[in-house]
Protein chains: 2
Amino acid sequence: MFMHSPEAPQRAIFDRSGLSDPADRSSLGSEARTLSSIVKGQKQICYSPKSIIFHEGDDSDSIYQLASGMVCLYRFLPNGRRLIARFLVAQDIVGLSFDEECPFTAECVEPTTVYKIARSQVRTLCAHSPALQNEVAMLLKTELTTERNDILPMMHLLAEGRVARLLLILARRGGANCNSGDRIQISMTRGDIADFIGLTTETVCRSFAKLRKAGLISAVSPDKVLIKNLPGLIAIAEGE
Amino acid sequence: MFMHSPEAPQRAIFDRSGLSDPADRSSLGSEARTLSSIVKGQKQICYSPKSIIFHEGDDSDSIYQLASGMVCLYRFLPNGRRLIARFLVAQDIVGLSFDEECPFTAECVEPTTVYKIARSQVRTLCAHSPALQNEVAMLLKTELTTERNDILPMMHLLAEGRVARLLLILARRGGANCNSGDRIQISMTRGDIADFIGLTTETVCRSFAKLRKAGLISAVSPDKVLIKNLPGLIAIAEGE
DNA sequence: CGTCGGTTTGAGAGCCTTCAATTCTCGTGG
DNA sequence: CCACGAGAATTGAAGGCTCTCAAACCGACG
């Protein structure tokens with residue numbers, strides 16, 4: 001479950017479609033535009049670490065696709081704790097599922113460039129292009145699948161399993177081939193990780209230490225780890 | 001955040017659309033069909049408690065809408081623990097976000113009737129009806145929003161907060177007006193609740209007891225509770 | 001009336017959080 | 001090039017929360 005690539009080319013996303021009629025695929029013609037092709041015309045916007053792309057509560061009048069970097073989507077609970085819903089990496093699109101208001105704040109974790117697309121433009125193009133509207137539905141489906149497979153099981157795991165699962169998510173996103181020996185780049189802080197998987201900074205640290213002592217990973221630096229035993233890591237990430 | 005109704009009429013769902021072009025709404029004409037209208041032509045299928053509507057791994061060749069009853073969607077983790085992803089109630093639709101295989105088993109919690117629609121039919125109708133395809137996108141959006149607002153915060157709460165949150169979800173679904181004094185019907189078992197919010201049966205029980213002793217709810221029977229102090233319950237559900 | 005599944009309560013062990021102190025990392029300025 | 005300082009990471013100890021194991025209770029049903 002961990003090894004399929006979420007950065008599959010658009011065609012692959014289409015091919016997995018359970019909604020569009022395959023027989024109609026050939027009739028799309030030249031006016032069929034993918035979100036990617038629309039995005040290519042936009043200029044890139046650059047952000048430095050810790051800068052905010054949009055705030056929770058802002059009018060959700062645009063959607064964004066990351067060209068590079070990393071962004072986290074978060075919100076504060078009434079008790080003051082921060083809840084990180086998702087980390088976005090290159091190619092990820094954010095905003096398609098938003099209503100009038102942004103339900104999250106989007107803050108850059110590292111230097112980031114994004115394409116910005118007006119929601120009104122997406123609306124208009126969707127209304128005229130069944131293919132594009134289908135692509136949007138596919139993207140929403142993918143988002144739900146990711147939520148289902150990556151995030152939801154976190155709630156049922158102990159600390160070590162949650163951290164292992166996060167590492168595997170990062171490994172899958174970062175490196176194409178994900179084997180024992182591969183290096184994982186961890187751009188976010190321990191506190192970010194904690195707010196993502198529902199633990200404290202200290203517990204995240206201790207979990208890293210346990211995984212290290214168990215020989216499943218080895219630490220190059222706080223933000224780089226090597227996978228020493230992938231099957232073992234997967235086992236932990238799935239609850240022993 | 002808890003009090004908006006997820007069972008809003010279809011029009012309301014359309015009106016909240018962030019994707020369809022409002023200007024095109026009037027051109028839908030008579031061929032515009034909603035999922036609800038399609039469903040009305042189907043015959044109902046009845047299931048008794050504990051019966052299975054579909055198994056994890058089955059070909060996902062149909063989608064379902066609940067007419068009445070309650071269904072839980074679950075899957076087993078490699079460690080043997082069961083993970084309940086969602087409880088479906090009347091009007092809920094399941095399957096739109098599935099790929100070739102069902103990612104969950106759907107098991108009835110109580111006597112349940114469903115409408116069954118072939119996925120191929122949805123595909124075909126979607127290909128010919130932008131309005132229907134838009135409705136599908138809206139339903140996926142709603143599912144994501146629910147996941148974001150109801151489920152995701154669970155991971156960051158203690159046992160009492162998770163149970164309080166579940167009670168509010170049930171209250172919102174069950175009764176239209178949700179005030180102190182309202183009765184909540186809890187059809188699933190304590191074990192089901194535990195597998196949903198990532199705890200054990202015993203901890204769920206103890207959390208109910210704590211909420212009772214705190215005067216936030218009172219127990220009519222194991223499967224019926226009264227809300228005694230809604231603001232207090234909401235506070236707990238959001239992390240104090 | 002007895003059984004069975006589900007619920008509730010208790011006790012002890014293990015996990016996570018909190019609070020505190022220490023170490024590490026890395027960019028900056030000398 | 002090296003020293004310095006701020007922020008991040010790590011480690012320790014104590015206490016609270018949750019899990020496990022066990023036992024008692026309850027209600028529906030045959």
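A quick note: this is a predicted structure, and the numbers were derived from the prediction, not measured. Lettering of chains follows the sequences in order, A, B, ..., and the numbering in each one begins at 1. For the numbers below, each heavy atom of this structure counts, side chains included, while hydrogens, waters and symmetry mates do not.
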B:Asp59 side-chain N/O to B:Asp61 backbone N/O, donor-acceptor pair under 3.5 Å: no
Aromatic centroids of A:Tyr115 and A:Tyr64 separated by under 6.0 Å: no
A:Phe54 ring center within less than 6.0 Å of A:Phe104 ring center: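 Ring centres of A:Phe54 and A:Phe104 not closer than 6.0 Å.
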Could you verify whether a donor N or O on one side chain and an acceptor N or O on the other, from [X] and [Y], lie under 3.5 Å apart?
X: B:Ser207; Y: B:Glu160; result: no
X: B:Thr203; Y: B:Thr200; result: yes
X: A:Glu56; Y: A:Thr105; result: no

B:Asp150 with B:Arg172: basic N within carboxylate O range, under 4.0 Å: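 Answer for the salt bridge query: yes.
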End axis versus end axis in the helix from C:dC1-D:dG30 to C:dG30-D:dC1, the angle rounded to 10°, five pairs used at each terminus: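 End axes: 30° apart.
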Rounded distance in Å - CG (A:Leu157) to P (D:dT18):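 Atom CG in A:Leu157 sits about 17 Å away from atom P in D:dT18.
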From B:Arg86, B:Arg75, B:Arg190, B:Arg82, residue fulfilling salt bridge (Lys or Arg N to Asp or Glu O under 4.0 Å) relative to B:Asp195: B:Arg82
Closest non-hydrogen atom pair, B:Val204 against B:Ile193: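 The pair with the smallest heavy-atom distance is CG1-CG2, 3.9 Å.
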For chain B, the stretch of DNA chain C it reaches, first to last nucleotide, under 4.0 Å of its heavy atoms: C:dG6 to C:dA11
Residue whose nearest DNA chain C nucleotide is more 5′ - A:Arg81 or A:Asp223: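 Closer to the 5' end of DNA chain C: A:Arg81.
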Residue closer to the 5' end of DNA chain C, A:Glu160 versus A:Val220 (nearest nucleotide):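 Counting from the 5' end, the first nearest nucleotide belongs to A:Glu160.
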N/O (side chain, B:Thr200) to phosphate O (OP1/OP2, D:dC19) under 4.0 Å: yes
Full working for side chain to side chain donor-acceptor pair (under 3.5 Å) between A:Arg119 and A:Ser60: CA-CA 8 Å; A:Arg119 179 178 298 276; A:Ser60 172; 2.7 Å; yes
Contact pattern, 5' to 3', of nucleotides 8-17 of chain D - B, S or - by protein heavy atom under 4.0 Å: SSBBBB----
